[in-house]
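Here's the structure, in structure tokens; my notes come after.
Chain A is the first sequence line, chain B the second, and so forth, proteins listed ahead of strands; every chain is numbered from 1. Side-chain atoms are counted along with the backbone in the values below, which use heavy atoms only and exclude waters and symmetry mates.
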Protein chains: 4
Amino acid sequence: MQGTGVPLVTPFDDDGEIAAEALRSVVSWLESSDGIDFLVPCGSTSEAPLMDTDERARVIEVVADETDLPVLAGTGHAGYRTTVRQTERAAEAGADAALVVTPHYYGHDAAALSSYYRDVADASPVPVYLYSVPKFTGVALQPETVAGLATHDNVVGIKDSSGDVARVGRHARATRDEEFDVLNGSGSVYAHALDAGATGGVLALANVVPDLAGEIRQRHRDGDEDGARRLNAELVDLNVALTGRYGVPGVKAAVAHRDVPAGSPRRPLSPVGPEVRRELAALVDAALS
Amino acid sequence: MQGTGVPLVTPFDDDGEIAAEALRSVVSWLESSDGIDFLVPCGSTSEAPLMDTDERARVIEVVADETDLPVLAGTGHAGYRTTVRQTERAAEAGADAALVVTPHYYGHDAAALSSYYRDVADASPVPVYLYSVPKFTGVALQPETVAGLATHDNVVGIKDSSGDVARVGRHARATRDEEFDVLNGSGSVYAHALDAGATGGVLALANVVPDLAGEIRQRHRDGDEDGARRLNAELVDLNVALTGRYGVPGVKAAVAHRDVPAGSPRRPLSPVGPEVRRELAALVDAALS
Amino acid sequence: MQGTGVPLVTPFDDDGEIAAEALRSVVSWLESSDGIDFLVPCGSTSEAPLMDTDERARVIEVVADETDLPVLAGTGHAGYRTTVRQTERAAEAGADAALVVTPHYYGHDAAALSSYYRDVADASPVPVYLYSVPKFTGVALQPETVAGLATHDNVVGIKDSSGDVARVGRHARATRDEEFDVLNGSGSVYAHALDAGATGGVLALANVVPDLAGEIRQRHRDGDEDGARRLNAELVDLNVALTGRYGVPGVKAAVAHRDVPAGSPRRPLSPVGPEVRRELAALVDAALS
Amino acid sequence: MQGTGVPLVTPFDDDGEIAAEALRSVVSWLESSDGIDFLVPCGSTSEAPLMDTDERARVIEVVADETDLPVLAGTGHAGYRTTVRQTERAAEAGADAALVVTPHYYGHDAAALSSYYRDVADASPVPVYLYSVPKFTGVALQPETVAGLATHDNVVGIKDSSGDVARVGRHARATRDEEFDVLNGSGSVYAHALDAGATGGVLALANVVPDLAGEIRQRHRDGDEDGARRLNAELVDLNVALTGRYGVPGVKAAVAHRDVPAGSPRRPLSPVGPEVRRELAALVDAALS
């Protein structure tokens, strides 16, 4: 996976069920955007932790069926066995690779995380991406750990959502002798992360403004690094609102403002109110103007 | 649920499968102990986060089938729907009540937690206990939130594992006008929590020394508060080792030292080494002597 | 130092200068209360971090001059040399012992803390009390560290303000072979900490309701442990407001409600507003009724 | 202050006293380096929290006397009055501006921090720089707060040591209508922070490799942004060792390896051992080769 990926929102209908047709609409809208390179169902922005294993498999299936883009499916659970089964089902459903979040309930150390990822990679029928998102898990994968895992044939990349450009750069340098993708997960520092050696990004922001998110990467690839940063800077206020202040419910409201059926969030999340919807709409409009 | 409950270890066999016969042995050993009042399958000590929904239902079923004691089954997941389904399955499997951990991946505030618990309690076929375990979730239920929820007919108690005696006491006072059980989840302060108004406890420690854990409560109920605290004090070093230093793998090693088949922990957890096993054995022997 | 101590508020006048006469009034009011056993100028509640070394020495001098009670003076700074000089000046000013907060800016580990306290105790002309207040410093002294330091002839006690009853009890057990005072610093668990082996307490709450704070300890000493806890429980709401919600400005407002001249807090602290003053007044009146 | 500043180590002699001549050597060595634009005595790397107010004034005086470069002197204490007096003394000693760390012992909110900085800026005879270093204080200044303060005539910049490139960029954008310097305090992301709009940096790393630290900025100013990042990337391992693993004692050991008299750290800090000294020497040599 290289370039710009989208951690897809999962539309739910009024009964809280997966709205497959709406999901297809989301996929097809993103696919028609210029600059989206791959899709990521069942990530944090997808409310994967709020779905059961069957639902996650179903979401991956719908996405893989609808798109021609590569599919990097979130398959991580707290436990090894559930993660492996979810990964197998993702592969059956058409995923090209698996994004495996760090297990975290019991607070594992670096050695336990390394051992866990090696076991998952041994068992997985598709290539495995590490996923470090300390905001949600309290756990941050360190470059030394990542470098060790990168030597495994079936560990092919990492998504780092810490927003720490130095760490993204250290991942890139620590794995430069391997074929290893370093994907940045923070929309506020996408251009800087590419400067630091990231090979792409997976951005909640890309649900809302896929063309612009993709264009950051395109400008960078075309050598216009300064233009990439300028464009990224114009999107920071929107991204801070989406990922810092309002979270998944904010992303869904912003996607809805693009006339794409994002549906409601699942409990215990709840929709943002009208005032926040207006604030987000104004930020989206400003970004697009 | 009043008195002393045990958050049961879940034995797994060498293939990592639930070892149902070993689980029956654990249950039957605990039931034969003096002073255990109820059983808690699928809590944090049970490695519930490492099991899928079918496995959790199966564990609850085995326990409920084997025991005559009341069963308080852990049923909480990150999402509302999975939690409700798990709760329904627990009820079908014979659970008397459900212990629902705070959802935490997305970092919900007090209002969202209240709304979530009300919804779960509305839907649950059995009474609901709140479960606050900040060590694992980063979220602590506050007395004001608990007091509000205690007015719901189907919210009948809380397990608070913070180890904060003041907070346990505040839960008790804030809910004194309701029928509401306040269960303390920290073995290091069980006697103090009873002093502060707790009606019982659910202690990892009780897997290892059920008679002694139960006796703390019995002494307290019989008016020997000082004796309860003295006994508890003698168990603190063991409890700190079990829950502070070595976690679930430590509990399993200590249970095995009692000649009860606790099995191995599931990945990403891993068994403690021989040195820690000896340290735990010495602490258990000291507690029993 | 045994029994109940008061971490004295420091009155400042309208120009922000130390109001020595008002401080004498505070001291004399507390001394006239029944049940206060010693005084603690220059603690956290005294705004010591907002005073310079001369001012701290001056406050200690005024207090020592005014009172017949033992004086435990806060003398800890981030650096060793400043701490030692402040301790020497405290001794000259009449302090009977020094309360030395953990240094914390650079995040020292247990070995560095041990070495630091040994050096301070070697140099101090008066006995040294350790002071662990993780709420303000992010550092918590562990029982193993305390036990090691308790063997030093000039380290004679600890004030532990973590509110963690288990830890207070572990300090007490770990030092039971030494002459070592374990002082509890949390007013919400004073009675429980005495149950756990504490020899006394230093409570912000005692600025506001010295008779009641002292009575907790007196009841306990007289064998009425249950009565001690009952009284303590009635003070928890007040204590949570003082130390959890409103801090030093809240303590000063509550002292003023007792008609004792507490003065204003120093910047960057600021006085509480009229609504909070009324809330605190109501809590104080309820506690006294 | 624009360009590259050095948060000067403070040499102490064997008795722990300020070694003024050694300090002059440090200053003169740095001044002879190509690319150092200003000096910062009494910052975090200077062990300012371990010095008293007289000592800090003395250090500033020595530095200002020795150098022709602009002097940005650290003057922040926990309390307003001490901070203002230290700032006045710094101005008398020859400082051109004052770097004022966020007060933090009592955990002030954004409103209290704003009010505090306005008061300090009103009173200060020299321009004031905000200083946000969450690693040491637990407090991070947010761009909204910074933007509000930037409108004050005597608040002229910020040093942000969070290492968060997005936040540095947000500071820069939020203050672009003011004359306001945004100085980056993390040596691992200096080039990226300049890309994001920082006007310079204050780097512990610059004590050790001043030519290289300065060259990052020079390349950037000359339009070679890619070269600036490449050079910065080669220094990241060294910087992580200095500021992440070994702190001020590590910086002093590395400076000593440059044959510059850095002296020992003050207690409670302690010198690194021979193994770490060798590790740091190797990292320094690698950076210089």
A:Leu50 and B:Thr82: which non-hydrogen atoms are nearest, and at how many Å? O-OG1, 4.0 Å
Where is the tightest heavy-atom contact between A:Gly79 and B:Pro268, given as atom of each residue plus distance?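 Closest approach of A:Gly79 to B:Pro268, heavy atoms only: CA-CD, 4.2 Å.
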Could you have a look at B:Ala78, B:Ala112, B:Gly247, B:Ser270 and say which one has the most heavy-atom pairs with chain A under 4.5 angstrom?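 When all of B:Ala78, B:Ala112, B:Gly247, B:Ser270 are compared, B:Ala78 has the most.
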Residue, of B:His108, B:Arg266, B:Arg81, B:Glu55, that accumulates the most heavy atom pairs under 4.5 Å with chain A: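 If we count pairs closer than 4.5 Å to chain A, B:Arg81 comes out on top.
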Which answer fits [X], side chain, backbone, both or neither, if we ask what part of it has an atom under 4.5 Å from a heavy atom of chain A?
X	value
B:Arg267	both
B:Ala111	neither
B:Glu17	both
B:Val101	side chain
B:Val120	neither
B:Pro49	both
B:Ser115	neither

So with a 6.0 Å cut-off around CZ of A:Arg85, is the heavy-atom count from everything else above 12? yes
Between A:His104 and B:His104, how do the two ring planes meet: parallel, tilted or perpendicular, split at 30° and 60°? perpendicular
For the residue pair A:Tyr106 and B:Phe136, does the interplanar ring angle fall in the parallel (under 30°), tilted (30 to 60°) or perpendicular (over 60°) class? perpendicular
Contact winner vs chain B - A:Glu47, A:His77, A:Met51, heavy-atom pairs under 4.5 Å: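 Of the options given, most contacts go to A:Glu47.
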Please round to the nearest 0.5 Å and tell me the distance separating atom OG1 of A:Thr83 and atom CG of B:Asp52. 11.0 Å
